[in-house]
Every structure is written in structure tokens, then in C-alpha cells.
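Contents: one structure, followed by commentary.
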Number of protein chains: 2
Amino acid sequence: MKRIADSTVRRLSLYLRFLEEFEARGLTTISSEELAARGGTTSAQVRKDLSFFGSFGKRGLGYSVGELASRLREILGLGREWKVIIIGAGKIGAALAQYHGFRQRGFRIVAVYDNDPAKIGRALDGFRIRAMSDLVDDARRDPVDIAVLAVPAQAAQAVADLAVRAGIKAIMNFAPQQLHVPDSVALKTVNMAMELEGLSFALTNREST
Amino acid sequence: MKRIADSTVRRLSLYLRFLEEFEARGLTTISSEELAARGGTTSAQVRKDLSFFGSFGKRGLGYSVGELASRLREILGLGREWKVIIIGAGKIGAALAQYHGFRQRGFRIVAVYDNDPAKIGRALDGFRIRAMSDLVDDARRDPVDIAVLAVPAQAAQAVADLAVRAGIKAIMNFAPQQLHVPDSVALKTVNMAMELEGLSFALTNREST
DNA sequence: CGTAACTTGTGAAGAAATTCACAAACACGA
DNA sequence: TCGTGTTTGTGAATTTCTTCACAAGTTACG
């Protein structure tokens, strides 16, 4: 299969969200034009994105909301449950652990880790915080799919290495630190500072055309 | 000035981070090759990114760490302080309000808003939570640069409209909702669910080359 | 059945981003 | 001062992504 661009995957994710809204409103079909309007893109883009995976629409009519949604869920791998652990029980880790939006979409948090002795053993939204040193054993016994890193920058690479050693195949990194992992591990970094600097740049350079 | 791609701005932000590390270690020069290695890109990319803004290096030698860092700060608009408000004092809003990394980089949180009467007036990391209805007046009296949206999806668009009405020129959106704002307002959306779905896609489709 | 009004799927064109590759500039040592 | 070894800055080539534009399929309706 041809390599799918990151930007395409992001858009598929968006389309799915809109389709679910439409589904909730009881609508049964939708055109690429309507989908595009909500996503701030063009109908050609929508059709091209979908064309990488097959042809799901009916000419002259559009797409069946329910069918397209379920195809997208399948494409995005949302048909199954993914086991997620959160590493780092600080402010961000805690906010994530308590965020129930994950669960809805099939991402089930199975454990929270920290290496602060003061936190280990305490409860966090139903989870007893476990010691970081248990991670590798735990994950070997009961495999985990995704690790969410919410640790300080200076610890991030070491923790990522640990996660890789534990056999985890995907990491979502919230630490403001560039991580290096093997190619076989999927990595996404969400860096607040970088996003803010993007806004700062936009604010600074906006008079120019 | 030519339009600068988003991806370029992100990388500049990254380079600045590395330069600051180098600076802290007392190094005075760095080559595009070294910068590229840490950022997971190529030296040509680094040089091209910088070339949009001028020529900051010395052939045969590389870049002066201190000088390049300060030029990048200038380009990114980090020479001044930006006033930030956080809208939504829930889990995420609270985590953001307490995150002190903002301050270091010149993003100063000046207020936190919510519309839950039970929360208004209470303190959150030194801020007294204000009523959403005060926002427009507050911002007109004392202009704000950036609004961070940490409200539920169904409220997000209305709150964004409010922020726009208050004269705010940049919005960083944490709500899982596509927002529509005038072109004159800079918008960045960080959507956790989308990022996770990106990982899910990668995990699902990884055997193929 | 025939025609009008839509909308998809997709090659081809166009635009944008990345990489190549090399002349020009500089440091350093002899 | 000259030669060697670096490294930048940048046009050109290449690759990737987006948009165009239209044939082909579908519905609606008289």
C-alpha cells in the first residue's frame, strides 16, 4: 500500500468526527462538499483522501453517513480497544487520566506510572499509581499498545527508552523534548510551547501579505 | 515577505530549543548539520528554513549559537511578553494555568475565565476565576493577545466568537471541535483524540512498506 | 424512456515543500 | 601567501501534496 501522509490521516479523523455529528442528527447521506465545508478544505481533497482506501460513495448522491463512518473507523484502527498507559502523574498526567473522552473512542487507560515515592500507591481517578520500575514487567505480562508521556523534559528520553524496552509500539509525548525512538515505534509529540510560538509568530508577522 | 509555511515555523521553534541547550552547555558555534541531527531533519532543510529570514551563518564555520538564538527569538516574536487568558477552568484549563513553562517563554497568563457559578470567584493558582461575561469588557479595558480555549466541544465555537468579539487575535484551542474564525485571527487546535487516532492508524497499518 | 441536475473518482496540472549539489566564503596551518 | 578542509546560501531538480476538470454513474421527474 502506498504511503499515507500524516495530513491525510488527520483529515480522516476530522471527517469521522463530522460524520458522527451527522449520524447523531439522523442524516443518512452527505456529499464531499458538505464534509469539506466543515473541515475547512475542498471537496476534491475529501474525495482524494478517501480514494486512497477505496471508493465509498455513490455518484450523484454522496456518501452514506453510517457506512462511511464505519469504514473510516476501520481504516483508523478504531474497531478495537487500545490499551493505554499514562507515565507521569503530575498535573498533565492527572488531567489526562481524568479525561474520559479517551474511553469513548476505544482508548482504555489501564495504568498510571510515576517514579515519585510520594505518589506511588496513591489513587488517581480509580487507578493506583504504580512505580515506574514496574513498567517493563507489567507490560511484558499484559501488553500495552500506547504510552502517553507526561513527564518533565529531562526525564522524557529515558522514559521513552523504557517504554520501548517494554515493547510498547506507540508513544504520545507531552514533554517539551524531541524524542528519538526506533522506526518501528510510532511517535507523536504535542508541544505546547511550540504551538504558542507558532501563534506568536503569526501575531508578529501578520501585516505582510 | 513570502508566506512562511507552518512546518517551517515549527522547525524554527525546535532549533531555538536546541540552541538554548547548546548555549547552556557553553558552546558558541553550531553547524546546520548538528542542528539537523537533533531535530531529525537534514542540514539543507535547516539552511533553507533560515534563508527565508536572512543569512545568519559564517561559511566554513557554522552559526554563532547566541546570535542565532536571538535572531530566532526575534523572528518568532519572543522578544516581548504576550498576554494570555485561559477560558475554561476544568481539568485541562487548571493544568494549563498551573503549568509554569509558559511564563519562561514570555507567555504571561493574566486571567482565567469560566461560566460555572460554582467556580467563579474561586482561586486557581493565584488567579481568581472570573465570569465569562466579564471577558469582553476586561479585554477591551486591558487588551489580551492570546486566548487558550479549554472548554467542552459544544461550547467552543460560542466561546471563540466571544474571544473574537473581545478583540483577541490568536486562539489556541484544546476543545475537540473544529473552529471557524475570521482570517485575521490566528488559530491552532490541539486535538488529543486526533493525535491518538493517528497513532491508532500507524499501529494498524504498519506491516506494509 | 429521456433529460436535467448532481456528485463521485481520478488522471493530469499546478503548487508547495524538500533535497541535491555546488560555488562562494572562511579558518587554519605551513 | 597558498592550499586544504569546512560549511554556508541558494538555484535547480525532485518529490510530495493539492487542486482542477471532466467522464461516468446515479437520482428525479415528466
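Here is the naming used below: chain letters follow the sequence lines, and residue numbers restart at 1 for every chain. Worth knowing before you read on, the calculation uses all heavy atoms, side chains too, and leaves out hydrogens, waters and symmetry mates. From a predicted model like this one, the values you see are computed outputs, not experimental measurements.
- The nearest heavy atom of DNA chain D to A:D49 and to B:S31 marks one nucleotide each, and the one closer to the 5' end goes with B:S31.
- Near-neighbour residues of DNA chain D inside residues 35-46 of chain A, defined by a heavy atom below 4.0 Å, number-ordered: A:T42, A:A44, A:Q45.
- With 3.5 Å as the limit, one finds no donor-acceptor pair spanning the side chains of A:S200 and A:E197.
- Straight-line distance from the CZ atom of B:R3 to the P atom of C:dA15: 15 Å, rounded to whole Å.
- Atom C1' of nucleotide D:dT6 and atom CD1 of B:I30 are separated by 16 Å, given to the nearest angstrom.
- Taking atom CZ of residue A:F53 and atom P of nucleotide C:dT8, one finds them 18 Å apart after rounding to whole Å.
- Within residues 54-62 of chain A, the residues having any heavy atom under 4.0 Å from DNA chain D are, by residue number, A:R59, A:G60.
- Atom CZ of B:R47 and atom C1' of C:dT19 are 10 Å apart (whole Å).
- No more than 12 heavy atoms of other residues, nucleotides or ligands sit less than 6.0 Å from atom CZ of A:R103.
- A salt bridge is defined here as a Lys NZ or Arg NE, NH1 or NH2 lying under 4.0 Å from an Asp or Glu carboxylate O, and B:R130 with B:D114 fails to meet this definition.
- One can place NZ of B:K48 at 11 Å from P of D:dA12, the figure rounded to the nearest angstrom.
- For the residue pair B:Q45 / B:D49, a side-chain donor-acceptor distance below 3.5 Å is found, with atom types taken as modelled.
- Rounding to whole angstrom units, CG of residue B:L50 and C1' of D:dT7 are separated by 13 Å.
- By the 6.0 Å contact criterion, NZ on A:K188 is enclosed, its count of non-hydrogen atoms from other residues, nucleotides or ligands being greater than 12.
- Of the listed nucleotides (D:dT18, C:dG9, C:dT18), D:dT18 has the atom at the smallest distance from the side chain of A:R11.
- With salt bridges taken as basic N to acidic carboxylate O contacts below 4.0 Å, none links A:R38 and A:E33.
- A donor-acceptor contact under 3.5 angstrom links the side chains of A:R47 and A:S43, judged on distance only.
- Taking atom CD on A:E67 and atom P on C:dT8, their separation rounds to 13 Å, with Å as the unit.
- Under 4.0 angstrom from either OP1 or OP2 of D:dT26 there lies no side-chain N or O belonging to A:Y63.
- Between C:dT7 and A:S32, no contact under 4.0 Å exists linking OP1 or OP2 to a side-chain N or O.
- Using a 4.0 Å heavy-atom cutoff across all strands shown, A:T8 reaches no nucleic acid atom at all.
- Taking atom CD1 on B:I4 and atom P on C:dT18, their separation rounds to 12 Å, with Å as the unit.
- Look at A:K169 and A:D145 and you find no salt bridge, because none of the NZ, NE, NH1 or NH2 atoms lies under 4.0 Å from a carboxylate O.
- Neither side chain, B:S70 nor B:E67, offers a donor N or O lying under 3.5 Å from an acceptor on the other.
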